Novice: 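Pasting in a structure now, in C-alpha cells, and then I'll have a few things to ask.
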Amino acid sequence: MPELPEVETVRTALEPVLHGQQISTVRLTRQDLRWPLPRNLSAALTGQICGLPWRRGKYILLPLLPSGKTLLIHLGMSGAIRLYPRQPAHFGKHDHFSVELADGQWFVFSDPRRFGHLDLLESGKEDAHPLLSGMGVEPLSNHFSPAYLDRVLAARKQPIKTALLDQRLIAGLGNIYVSEALFRAGISPRRQAGNIVGKRTERLVPAIRATLTEAISAGGTSLRDHVQPGGEIGYFVQNLKVYGREGAGCSVCDKPIKMLRQGGRSGYYCPNCQR
DNA sequence: CTCCTGACCTGAGTGC
DNA sequence: TGCACTCAGGTCAGGA
C-alpha cells in the first residue's frame, strides 16, 4: 500500500491525536509481523507520553517520554492505521497492534499480509537503526537536487525505474509514484539509470517533488488498502496519469499507455511521451 | 559494490 | 460454487 504520500498522510492525521497523549493500554495479538517484535513492546509503551510523530522514507517514528525510546512503524504493503474515538466493538483478525490513549481514543494497526513491522529504538539514534541507516535523501528536502541524482545514478546499469525504487538512493518512492514521476518528466522507465544526467535529472527532480506533493495534498492514492486514519480514502487515484491505466489513452498524446514488467514489478508509461 | 531472483503473507479478482 | 492461478502500493537475504 503505502508510499511516501500515504505514510505522510497517516503521520499528519496521527499528529494532533497522539501528541502529548499518554498510552494507557497496549493490545498485541502476535509477537511477529515481518520480523519478531521486541519482546517488551507492550511494557515499553504502556504509560509513555507520545511526542510528535515524524517520518523517514516510508517509516513513521513516534518518540516516547520519559523512556527516550522511539516506536518505529512500517506499514509494509497492506498496513493501515485507524483511529477510533473509543474502543472498537470488534477487533478484526488483522488488527495486530492497538493502543488505547488516556483520552479513550484507540489507535489500531492492521496488516493482513504482515509485511509491516514495529520496532523500538533509542531516540536520536535513528540513523544507527539497521532499517534506517542506509536510506537515501528525503525527496522533499533540500538535499534532493539534480546534482545529487546525477551522483547516485552515475554508472548504474539498471533501468531508471528500478533505481528510483531503491530506498538507499531516494527514500519513500514506490511503484505508483515512480511511474507517475517518470511520466511527468518525460523519461522512459527503460532508460539506463546511468544515462539520466543533465537536463533529464533537472526535469526528474521537480517531477518527483511535484508528484509527491500533489499526492500528499490529495490524501494519497487509495487503490486497495490505503485509508487515512479517520477512514477517508485518498483521492490521488483520480490524478494518476499512467499507473494502472494500461491500454487507456495518454492524457497528453492519446496513444495507449503500456505496461512493462521490470524487476518483477509492473510499471506503466507512455512510449510516445517518455523517451 | 551492483544486479537479479526468490521469499515472505493474505485476499481479491479472473477464467474454467 | 469451487478450484487454480495471477496479482497487489515493500524490501530483505542470498547468490552470481
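Everything quoted here is computed from the prediction, not taken from an experiment. Heavy-atom basis, side chains included; hydrogens, waters and symmetry copies ignored. Protein chains get the first letters and strands the later ones, always in sequence-line order, with residue 1 at the start of each.
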Novice: Just call it for Thr162(A): base, sugar-phosphate, or nothing, with non-hydrogen atoms closer than 4.0 Å on any strand.
Specialist: nothing
Novice: Report which part of the nucleic acid Tyr177(A) touches: base, sugar-phosphate, or nothing (heavy-atom distance under 4.0 Å, all strands).
Specialist: nothing
Novice: Round to a whole Å and report the spacing from CG of Asp111(A) to P of dG10(C).
Specialist: 13 Å
Novice: Pairing donors with acceptors under 3.5 angstrom, does anything connect the side chains of Gln228(A) and Thr9(A)?
Specialist: no
Novice: For the pair Glu246(A) and Lys258(A), find out whether any cationic side-chain nitrogen is under 4.0 Å from an anionic carboxylate oxygen.
Specialist: no
Novice: State the CE-CZ distance between Met135(A) and Arg168(A), to the nearest 0.5 angstrom.
Specialist: 11.5 Å
Novice: Can you find a side-chain donor-acceptor pair between Glu6(A) and Tyr177(A) that sits under 3.5 Å?
Specialist: yes
Novice: How many angstroms lie between CG in Asp119(A) and CG in Leu41(A), if you round to the nearest 0.5 Å?
Specialist: 8.5 Å
Novice: Expressed as a whole number of angstroms, how long is the span from Arg265(A):CZ to dG10(C):P?
Specialist: 5 Å
Novice: Please give, in whole Å, the distance from dG10(C) C1' to Ile176(A) CD1?
Specialist: 12 Å
Novice: Any idea which heavy atoms bring Gln167(A) and Leu173(A) closest together, and the distance?
Specialist: NE2-O, 2.9 Å
Novice: Could you tell me the separation between the CG atom of Leu165(A) and the P atom of dA8(C), rounded to a whole number of Å?
Specialist: 13 Å
Novice: Roughly how many Å is it from CE in Met259(A) to P in dT6(C), rounded to a whole number?
Specialist: 13 Å
Novice: Identify whether any heavy atom of Arg261(A) sits under 4.0 Å from a base atom; if not, whether one sits that close to sugar-phosphate; answer base, sugar-phosphate or nothing.
Specialist: sugar-phosphate
Novice: Nearest to the side chain of Tyr59(A), heavy atoms from C-beta on, is which of dA8(C), dG10(C), dC12(C)?
Specialist: dC12(C)
Novice: For chain A and DNA chain B, what are the first and last nucleotides along the strand, 5' to 3', with at least one atom under 4.0 angstrom from a heavy atom of the protein chain?
Specialist: dT2(B) to dG11(B)
Novice: Can you tell me the pairing partner of dG14(C) across any strand shown, Watson-Crick or G-U wobble, with both distances under 3.5 angstrom?
Specialist: dC4(B)
Novice: When the nearest nucleotide of DNA chain B is assigned to Lys93(A) and to Arg156(A) on a heavy-atom basis, which residue is associated with the more 5' position?
Specialist: Arg156(A)
Novice: Verify the contact: side-chain N or O of His74(A) to OP1 or OP2 of dT11(C), cut-off strictly under 4.0 Å; return yes or no.
Specialist: yes
Novice: Rounded off to whole Å, could you give me the NE2-to-P distance for the His117(A) and dC12(C) pair?
Specialist: 11 Å
Novice: Say you pick atom P in dC9(B) and the same atom in dC3(C); how far apart are they, in whole Å?
Specialist: 23 Å
Novice: Should the ring pair Phe109(A) and Phe97(A) be called parallel, tilted or perpendicular, given that the plane angle runs from 0 to 90° and is split at 30 and 60?
Specialist: perpendicular
Novice: Give the nucleotide from the list dG10(C), dC7(C), dC12(C) with an atom nearest to the side chain of Ser266(A).
Specialist: dC7(C)
Novice: Expressed in angstrom and rounded to an integer, what is the separation of Arg168(A) atom CZ from dC12(C) atom C1'?
Specialist: 11 Å
Novice: Would you mind reading off the distance between Leu75(A) atom CG and dT11(C) atom P, rounded to a whole angstrom?
Specialist: 10 Å
